[in-house]
Amino acid sequence: MKNYLLAAAVVVAACATAAAPAVAAPGQTLRATVVGDASVRTAAVPASSVAAQAPSPVQVVGSGERVDAGRGWTVWLTEEGKYWSGPDGYENFRSVVDGNVDLSRPGVSHQSEGDAAGVFHSGLYYGTKKAGKVVLTGTDGTKTPATLLELPGRPGWGVWYAHTGPENEGGASVALYDRNGRLLAELPGWNV
């Protein structure tokens, strides 16, 4: 019976290890633990044989799919643009097809609503199919990463949102980066 329990523990450990992705640069060799007959040995595995890919920083959502953005806020996208509603239920819209957004070059927009408890920030990012992150920088220097949403097929635009504490002296600035961390566009804060 002890051998069966030991074997079961080894299988569980092996499955847990297999579920964690290995990451290596091309040309590197990873060390893999091989378990069998209650013995453990290590084997070299070429990195090229391990499929490790970083997850996309952008969450793909369906047209009209409502996303709970937290604290009573909801965000959704359609082919026409960004929609959002707050705890009061009032719906807002920002178009990407009305000619006010130049989709041919990287840019970012910013809308914010809040009170003494905190601020909900959201906006569009556009002009790139390789968005990596949007970061808000508060007037006190605090950096807040945003959540990115996009429709299927990499349409060249998407929506970002984040929550921050209250902004008493001015609005946060917004920066759009590509997946390599290169700055694509900035929008300065107001009243700074």
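These numbers come from a predicted model, not from an experiment.
- Using modelled atom types, one side-chain atom of Trp160 and one backbone atom of Ser109 make a donor-acceptor pair closer than 3.5 Å.
- Of all heavy-atom pairs spanning Gly132 and Pro57, the tightest one is O-CB, 3.1 Å.
- Under the 4.5 Å side-chain criterion, counting only non-hydrogen atoms from C-beta, Val134 is in contact with Val174.
- Between the side chains of Trp73 and Glu113, no donor N or O sits under 3.5 Å from an acceptor N or O.
- Ala185 and Gly107 get closest at one heavy-atom pair: CB-CA, 3.7 Å.
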**side chain to side chain donor-acceptor pair (under 3.5 Å) assessment of Asn100 paired with Asp98** = CA-CA 6 Å; Asn100 288 323; Asp98 65 1; 3.2 Å; yes

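- Annotation: side chain of Arg94 is in contact with side chain of Trp84 (closest heavy-atom distance under 4.5 Å).
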**Item:** Test side chain to side chain contact (heavy atoms under 4.5 Å, CB included) applied to Val75 and Val159, step by step
**Value:** CA-CA 9 Å; Val75 178; Val159 170; 3.7 Å; yes

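- With salt bridges taken as basic N to acidic carboxylate O contacts below 4.0 Å, one links Glu91 and Arg66.
- Side chains of Arg71 and His163 form a contact here, defined as non-hydrogen atoms less than 4.5 Å apart.
- Note that the OG1 atom of Thr164 and the CG atom of Asp140 stand 9.0 Å from one another [nearest 0.5 Å].
- Shown here for Ala116 and Pro166, the closest heavy-atom pair between the two residues is O-CG, 3.3 Å.
- Looking only at side-chain heavy atoms (C-beta outward), Val135 and Tyr177 come within less than 4.5 Å of each other.
- Looking at Asp102, its side chain does come within 3.5 Å of a backbone N or O of Ser104 through a donor-acceptor pair.
- The OG atom of Ser63 sits 7.0 Å away from atom CD of Glu80, with the distance rounded to the nearest 0.5 Å.
- Considering OG1 of Thr74 and OH of Tyr161, their distance stands at 9.5 Å, rounded to 0.5 Å.
- Between Lys82 and Leu77 there is no side-chain heavy-atom pair separated by less than 4.5 Å.
- Thr137 has its side chain out of reach of Thr142: every pair of non-hydrogen atoms, C-beta onward, lies at least 4.5 Å apart.
- Judged by distance alone, with hydrogens and angles left aside, the side-chain atoms of His121 form no donor-acceptor pair with the main-chain N or O of Ala146 at under 3.5 Å.
- Connection of Tyr126 to Leu151 is established within a shared hydrophobic cluster, with ILVMFWY side chains joined at heavy-atom distances below 4.5 Å, either directly or through further cluster members.
- When atom types are taken as modelled, the side chain of Arg179 and the backbone of Ala131 share a donor-acceptor pair closer than 3.5 angstrom.
- Within the 4.5 Å cutoff, the side chain of Leu103 has heavy atoms near those of the Trp157 side chain.
- The line from CG of Asp178 to OH of Tyr125 is 12.5 Å long, rounded to the nearest 0.5 Å.
- Under the 3.5 Å distance criterion, the side-chain polar atoms of Arg105 are left unmatched by any main-chain donor or acceptor of Gly127.
- In this structure, the side chains of Val58 and Leu149 stay at 4.5 Å or more apart for every pair of heavy atoms.
- Nearest heavy atoms, Leu136 versus Ala172: CD2-CB, 4.1 Å.
- Rounding to the nearest 0.5 Å places CG of Leu148 at 10.5 Å from NZ of Lys133.
- Hydrophobic clustering places Leu124 together with Val61 (ILVMFWY residues linked when any side-chain heavy atoms are closer than 4.5 Å, directly or through intermediates).
- Note that the OH atom of Tyr83 and the OG atom of Ser122 stand 14.0 Å from one another [nearest 0.5 Å].
- Among all heavy-atom pairs drawn from Glu79 and Val96, the shortest one is O-CG2, 3.8 Å.
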